[in-house]
Colleague: 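I'd like to ask you about the structure that follows.
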Amino acid sequence: MTTTAIEARPPSRLLTLAEPGRAMGELASFYALRPLLSGLPRGDGHGVLVLPGFMASDYSTAPLRSLLSDLGYEAAGWNLGRNVRVDNARIEAMMGCVEELHERTGRTISIVGWSLGGVFARELAKMAPEKVRSVISLGSPISDDRNHTNARRLFEYLNGEEPEPMQGGNFRKLAEAPPVPTTSILTRTDGVVHWRGSVQCGDREDCENIEVHASHCGLGVNPAAIYAIADRLAQDEGAWKPFRATGLAALLFPQRALH
């Protein structure tokens, strides 16, 4: 029996139109639950670099970084303005962020990337796996087919069909996970990147997908996503295990196959 390939397509227009309102609700939930979120598993002090999504800046990741700092991590933004251009200079600057945080903490770091930031997180880990202990992407278009996102036209208008790094032979195997433990957090109701474009495939035990109920623009403050991020980051280096929500928290995570 042969399996019919599913054609890549962006999310429905209805989901896209619902993004702003849903994201605002998730932000409100984040702040309402902020005292409880401060009780999530504490970290070991290692550095966590947080990368924003396409057209966004460090401002969008400030709530997440503030919580991670409270949980004991050395959380850092990228300090590179808005995430618009994808060129060699930007990749070099991001690698500088990785190296600076690694040197400042004296330890391997984790990278959390939202949307396009997650694509960068994975590629940076491929470039310097000896400096990175884990990668977490949030609603990231990690498929090699840009038709999974409705931001394709704007991205290509600003960066061309083949951004500068691709012309140099990089960024051509986005679906290939980096050689470090990697988690993709995704939502089937994503209004920017179709959820199938965020699914990691392969048979590596340290590559996983975690589904949450969220919008795309709210993933970085969605309480369920925050719970998963904190759980993943709190693991001891070299002792990675698949995500398993327990107790009432398990109700936040759909238990179904992603294919």
Side-chain angles (χ1 to χ4, degrees), residues 1-23 26 51-56 83-86 113-123 125-126 135-178 182-204 207-220 222 224-225 228 243 253-259:
M1 178 181 293
T2 58
T3 302
T4 302
I6 299 176
E7 182 180 358
R9 65 179 187 277
S12 71
R13 186 170 299 178
L14 181 62
L15 285 175
T16 303
L17 292 174
E19 279 286 329
R22 295 177 64 207
E26 286 162 292
L51 304 178
F54 182 46
M55 302 298 294
N83 188 351
V84 178
R85 292 287 296 164
V86 182
W114 193 347
S115 194
L116 180 60
V119 175
F120 290 152
R122 290 163 62 93
E123 296 305 304
K126 293 176 186 177
V135 168
I136 302 173
S137 60
L138 307 174
S140 298
I142 57 177
S143 164
D144 291 309
D145 192 333
R146 290 193 199 126
N147 288 318
H148 280 294
T149 172
N150 55 25
R152 173 179 181 168
R153 290 185 179 180
L154 179 58
F155 177 85
E156 292 184 349
Y157 173 78
L158 294 170
N159 294 285
E161 291 188 13
E162 283 208 348
E164 207 171 60
M166 291 185 69
Q167 296 173 25
N170 299 314
F171 283 60
R172 290 190 174 277
K173 294 183 179 179
L174 300 184
E176 182 179 300
T182 307
T183 298
S184 174
I185 298 176
L186 57 93
T187 167
R188 289 179 188 252
T189 53
D190 194 312
V192 178
V193 178
H194 195 286
W195 65 269
R196 285 196 174 91
S198 298
V199 175
Q200 293 192 109
C201 300
D203 55 3
R204 273 178 44 194
C207 291
E208 64 181 350
N209 301 291
I210 302 176
E211 182 183 354
V212 297
H213 297 294
S215 68
H216 181 88
C217 296
L219 269 170
N222 179 276
F243 177 75
F253 301 93
Q255 303 296 316
R256 51 187 170 181
L258 294 169
H259 54 71

Colleague: How long is the gap from OG on Ser184 to CD1 on Ile142, to the nearest 0.5 Å?
Modeller: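 Between atom OG of Ser184 and atom CD1 of Ile142 there are 4.0 Å.
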
Colleague: In the structure I gave you, are the side-chain heavy atoms of Arg152 and Asn147 within less than 4.5 Å of one another anywhere?
Modeller: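 The answer is yes, as the side chains (C-beta and beyond) meet within the 4.5 Å cut-off.
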
Colleague: Within this structure, what is the CZ-NZ distance for the pair Phe171 and Lys126, rounded to the nearest 0.5 Å?
Modeller: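 Spacing of CZ (Phe171) from NZ (Lys126) equals 8.5 Å.
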
Colleague: For Ser198 versus Gly139, what's the shortest heavy-atom pair and its separation?
Modeller: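 Between these two residues, the closest heavy atoms are OG-C, 3.6 Å.
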
Colleague: With sequence neighbours left out, which residue pairs that include part of residues 136-150 fulfil the salt bridge (Lys or Arg N to Asp or Glu O under 4.0 Å) condition?
Modeller: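 Sorted result for residues 136-150: Arg146-Glu156.
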
Colleague: After noting the C-alpha distance and the side-chain angles of Leu15 and Asp190, does the key distance pass the side chain to side chain contact (heavy atoms under 4.5 Å, CB included) rule?
Modeller: CA-CA 7 Å; Leu15 285 175; Asp190 194 312; over 6 Å; no

Colleague: Restricting to salt bridge (Lys or Arg N to Asp or Glu O under 4.0 Å), what partner residues turn up for Arg22, sequence neighbours left out?
Modeller: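 For Arg22, no residue satisfies salt bridge (Lys or Arg N to Asp or Glu O under 4.0 Å) once neighbours in sequence are set aside.
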
Colleague: Partners of Pro20 by side chain to side chain contact (heavy atoms under 4.5 Å, CB included), sequence neighbours excluded?
Modeller: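 Side chain to side chain contact (heavy atoms under 4.5 Å, CB included) list for Pro20, sorted by chain: empty.
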
Colleague: Taking the side chain as every heavy atom from C-beta outward, state whether Thr183 and Ile210 have any atom pair closer than 4.5 Å.
Modeller: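 Yes, side chains in contact.
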
Colleague: What's the spacing between Trp114 CH2 and Ser137 OG if we round to 0.5 Å?
Modeller: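 Here the interatomic distance stands at 13.5 Å.
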
Colleague: Under a 4.5 Å cut-off applied to non-hydrogen side-chain atoms, are Pro10 and His194 in contact?
Modeller: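 The answer is no, as the side chains (C-beta and beyond) never meet within the 4.5 Å cut-off.
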
Colleague: For side chain to side chain contact (heavy atoms under 4.5 Å, CB included), just list the numbers for Ser143 and Arg196, CA-CA rounded to whole Å, side-chain angles, deciding distance to a tenth of an Å, and then say yes or no.
Modeller: CA-CA 8 Å; Ser143 164; Arg196 285 196 174 91; over 6 Å; no

Colleague: Would you compute the distance between atom NZ of Lys173 and atom CZ of Arg122 and round it to the nearest 0.5 angstrom?
Modeller: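 The CZ atom of Arg122 is 13.5 Å from NZ of Lys173, to the nearest 0.5 Å.
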
Colleague: Mark yes or no for whether Asn159, through its side chain, and Val84, through its backbone, hold a donor-acceptor pair below 3.5 Å.
Modeller: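 Checked: pair present.
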
Colleague: If you take all heavy atoms of Pro178 and Val135, which pair is closest and at what distance?
Modeller: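 Closest approach of Pro178 to Val135, heavy atoms only: CG-CG2, 4.4 Å.
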
Colleague: Of all heavy-atom pairs between Ser140 and Ser115, which one has the smallest distance, and what is that distance?
Modeller: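 Scanning both residues, the minimum pair turns out to be OG-O, 2.7 Å.
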
Colleague: Taking all atoms of both residues into account, what is the closest heavy-atom pair of Gly191 and Pro11, and its distance?
Modeller: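 Nearest pair, atom of Gly191 first, then Pro11: C-CG, 3.7 Å.
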
Colleague: If you measure only the distance, is there a donor-acceptor pair under 3.5 Å linking the side chains of Thr182 and Gln200?
Modeller: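 No - no donor-acceptor pair under 3.5 Å links their side chains.
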
Colleague: Is any NZ, NE, NH1 or NH2 atom of the basic residue among Glu162 and Arg172 found under 4.0 Å from an Asp or Glu carboxylate oxygen of the other?
Modeller: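 Yes.
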
Colleague: Evaluate the criterion side chain to side chain contact (heavy atoms under 4.5 Å, CB included) for residue pair Leu219 and Val212; output intermediate values, then yes/no.
Modeller: CA-CA 9 Å; Leu219 269 170; Val212 297; 3.8 Å; yes

Colleague: Going by the rule side chain to side chain donor-acceptor pair (under 3.5 Å), which residues pair with Arg85 if we only count those two or more places apart in sequence or in a different chain?
Modeller: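 Applying side chain to side chain donor-acceptor pair (under 3.5 Å) to Arg85 gives none.
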
Colleague: Return each pair, listed once, that meets side chain to side chain donor-acceptor pair (under 3.5 Å) where at least one residue sits in residues 8-21; pairs must be two or more places apart or across chains.
Modeller: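 Applying side chain to side chain donor-acceptor pair (under 3.5 Å) to every pair that reaches into residues 8-21, excluding sequence neighbours, yields Thr16-Asn150.
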
Colleague: Holding to ring-ring contact (aromatic ring centres under 6.0 Å, His included), I want the full list of residues that pass it with Phe253, two or more places apart in sequence or in another chain.
Modeller: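 ring-ring contact (aromatic ring centres under 6.0 Å, His included) list for Phe253, sorted by chain: Tyr227, Phe243.
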
Colleague: For the residue pair Phe155 and Phe54, does the interplanar ring angle fall in the parallel (under 30°), tilted (30 to 60°) or perpendicular (over 60°) class?
Modeller: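 Perpendicular.
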
Colleague: Would Leu174 and Val119 count as a side chain to side chain contact (heavy atoms under 4.5 Å, CB included) if you check the C-alpha gap in whole Å, the side-chain angles of each, and the deciding distance to 0.1 Å?
Modeller: CA-CA 7 Å; Leu174 300 184; Val119 175; 3.9 Å; yes

Colleague: At what distance, to the nearest 0.5 angstrom, does NE2 of His213 lie from OG1 of Thr189?
Modeller: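 Rounded to the nearest 0.5 Å, the NE2-OG1 separation comes out at 8.0 Å.
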
Colleague: Which atoms form the tightest heavy-atom contact between Gly218 and Ala23, and what is the distance?
Modeller: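 For Gly218 versus Ala23, the nearest heavy atoms are N-CB, 3.9 Å.
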
Colleague: Looking at CZ of Arg188 and CH2 of Trp195, how far apart are the two atoms once the value is rounded to the nearest 0.5 Å?
Modeller: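 Between atom CZ of Arg188 and atom CH2 of Trp195 there are 4.0 Å.
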
